[in-house]
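The next block holds one structure in the form of structure tokens; read it before the comments.
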Amino acid sequence: MAFFGQAVLLLVLGLLGYATVAGSYAAVRGRRRLLSSAVNAFVSAFACTVLAAGTLVLAFVRNDFALSYVANHSSRQLPLAYTLAALWSGQEGSLLLWLLVLTGVGAAALLLNRRLVIDVLPWTAPILGGIGAYFAFIPNAVASPFATQTAPPNGLGMNASLQNPYMMIHPPLLYLGYVGLTVPFAFAMAALASRRVDERWVVASRRWTLFSWTFLGVAILLGAKWAYESIGWGGYYAWDPVENAALMPWLAATAFLHSVMVQEKKKMLRVWNVVLIALTFSLTLFGTFLTRSGVINSIHSFSQSSIGGWFLAFIAVVAAGSAFLIISRLSILRTSTRLESLASREAAFLYNNLLLVAFALTMLWGAAFPLLSQALRGVSISIGPPYYNFFLRIFGLPLLLLMGIGPLLAWRRASLRSLARAVSWPLLFALLVGAMLVRAGAGSSLPGLVAYTFSAFAIAAVLVEFVRGTRARKELGDTTWAGAFTSLVSRNRRRYGGYVSHAAVVLLAIGVVGSSVYNSGRTAHLQPGQAMSVGGYSATYLGTKLTRSASHDALRGQFELSYRGKSMGIVEAGKNHYKVEQFFANAVGIHTDWLRAEDVMLIGDQFDKDGSVFLKIAVNPLIDLIWIAGLVFLIGSVVAMWPDAREKRQLARRALEIDGRRPVVA
């Protein structure tokens, strides 16, 4: 099995190497048939990678501990669901999953845009092939998942922190987000290399960018949910470098998605957009370096390994190659179109981009500074949450305000009168909400009050846009309000899907502010029968119970929760002891009080032999809005990605204007 798996991986490397070399020669010489064979080689590499991944999964199912990777990340006691998820629980298997996703999305992008790739952007195939060849080289030469050993009677088991339903979903979604961003990067660099810098590469890659951006955003929220329910520290995001490594490319991709709309409508920001997508892809590679090199200590990262140097070298190649292409094509990238007014929708997009990129680069500096300090001075100086929280306020609050103002501005130029008329209702609503919050006591935190007020303005602006658009459709002949609303969204999916995503970000902001600024907590040592109170809630310790299973023992403290004397039921919190892994993990108890819109979290920090417990209670207001925001975000993204025949016809006409022939786009 090991020989077969490694042989298939070697074949994958050969196919991707052929796609790179033959594709490059075909792009230079204009050989369509050779380029088509390079595309076919890439697709074949995907099929072979599926075979290699399937071989490793079969080894896990069969408990083939002669494979070192299987022995180090599984055991006979591991439940089947986690045995399957063990594929991505370690360094070597997760890199194989990365290669699987990369070849899968790359093959789909090449096939769905085959005529565009071959006729207009021939460098797409060799660029994807080169990136794929690098990720195929690593499991062949540096970190093989098929390395063998003398088979032990049992494996070492899976990292106990990963034995959680969220962690069965989070890594694959994260990889779909990370790796999917390779496609728009490849199209952008192919456009530069092919000297075809019109909007067709943007059109071809837009849904791939939305696809990746959506999965990355959902993966980040699932990771936060896992941290909230499993780690047992009372929060969901700790500004850990590996957490930030996923957020940075998401921020840069968000800026790119906004910026390309200006390029499509006004033929502006061409240089800025290729810089943005190159930055986004480079940030995904940097995040991979942080996670896999072992240079930082994090619950999310893998152990120390020699793979870090390979990733640094690849990042340098990608950055240098991207910079060379952008600089060498500046003369054809620049356009005569200029920003006409600082009070326009395109200007709002530009401000939005600058804030998003500034925040991403601030986070990049926070992640890189300890590494630079260690390399230059021999001392690692860590940067903690206060640094990130400061810049979150500096950049996040203006972004909230811009989300409300941007949709209300006209393209090209907005007069002061039209702007005042557009913002009047959202502004009035925001001021009323702010006054009510002050009266309710939210003024104890000025940043929190400002964030709530700006959020109210942004959500009111989104509602105003939907109301105005629906009313206009009704006046144009739709018979019912529901029909007018449906027609509005279906005819402008990208625009109104974006507005729904804006609403999701506002809900997220409200949840983050409520749970981090207005939360409360307390820790106490309790004997059975004793109680402790926080924020009107009281938890009475009733005792413990122990449940045994094949993989772990579950110790649970039982607590009767009440609010101002009214019982709310029994909540359990405790520890899991994983037998094979010899690891203790928290099992957090959470009660969601929907009436008061807050969570009560119980964490059993320590259980003593005398039956007592050190209990921590945290009350987190509005935190469930964060998870609801994830659902709203997913809905908005699906609406924005949904195929639109009318839009495709418009894009085809625009392409006809460019070079007199109709291209095929995805």
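Residue numbers count from 1 along this sequence.
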Can a side-chain donor-acceptor contact be found between [Y] and [X] if the only test is distance below 3.5 angstrom?
X    : Y    : answer
T362 : Y388 : no
Y237 : N244 : yes
W213 : S637 : no
W233 : N586 : no
Y228 : D599 : yes
E598 : Y518 : no

Short side-chain to backbone donor-acceptor contact, [X] and [Y], under 3.5 Å:
X    : Y    : result
H170 : A219 : yes
R494 : M641 : no
S501 : G497 : yes

When rounded to the nearest 0.5 angstrom, what distance separates [atom1] in [X] from [atom2] in [Y]?
X    : Y    : atom1 : atom2 : value
L427 : L408 : CG    : CG    : 10.5 Å
E465 : L488 : CD    : CG    : 9.5 Å
T547 : E572 : OG1   : CD    : 7.5 Å
L290 : L371 : CG    : CG    : 6.5 Å
M363 : Y387 : CE    : OH    : 9.5 Å
K545 : Q558 : NZ    : CD    : 5.0 Å

Who pairs with F390 by ring pair (Phe, Tyr, Trp, His ring centres under 6.0 Å), at least two apart in sequence or on another chain?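 By the ring pair (Phe, Tyr, Trp, His ring centres under 6.0 Å) rule, F390 matches no residue at all.
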Taking C-beta and beyond as the side chain, do [X] and [Y] meet within less than 4.5 Å on heavy atoms?
X    : Y    : value
F466 : Y499 : yes
E229 : I590 : yes
S230 : V588 : no

Residue pair D624, W594: steps toward the side chain to side chain donor-acceptor pair (under 3.5 Å) verdict: CA-CA 9 Å; D624 290 291; W594 293 107; over 6 Å; no
Quick check on the 6.0 Å ring-centre criterion: do F583 and Y578 meet it?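 Judged by ring-centre distance (under 6.0 Å), F583 and Y578 do not meet the cut-off.
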Yes or no on side chain to side chain donor-acceptor pair (under 3.5 Å) for D593 and Y537, after CA distance, side-chain angles and deciding distance? CA-CA 11 Å; D593 189 338; Y537 295 94; 2.8 Å; yes
For the pair H525 and D608, evaluate side-chain contact (heavy atoms from CB on, under 4.5 Å) and give the outcome as yes or no after the intermediate values. CA-CA 10 Å; H525 185 206; D608 292 336; 3.8 Å; yes
Criterion side-chain contact (heavy atoms from CB on, under 4.5 Å) on V218 and L634, from CA distance to verdict: CA-CA 7 Å; V218 172; L634 186 58; 4.3 Å; yes
List the steps, then state whether side-chain contact (heavy atoms from CB on, under 4.5 Å) holds for L631 with I628. CA-CA 5 Å; L631 294 176; I628 294 172; 5.6 Å; no
Taking atom CH2 as the centre, does W425 end up with more than 12 heavy-atom neighbours from other residues, nucleotides or ligands that are less than 6.0 angstrom away?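 Check fails, neighbour count at 12 or below.
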What's the verdict on side-chain contact (heavy atoms from CB on, under 4.5 Å) for M403 and V505, showing C-alpha distance, side-chain angles and the deciding distance? CA-CA 9 Å; M403 277 198 298; V505 174; 3.6 Å; yes
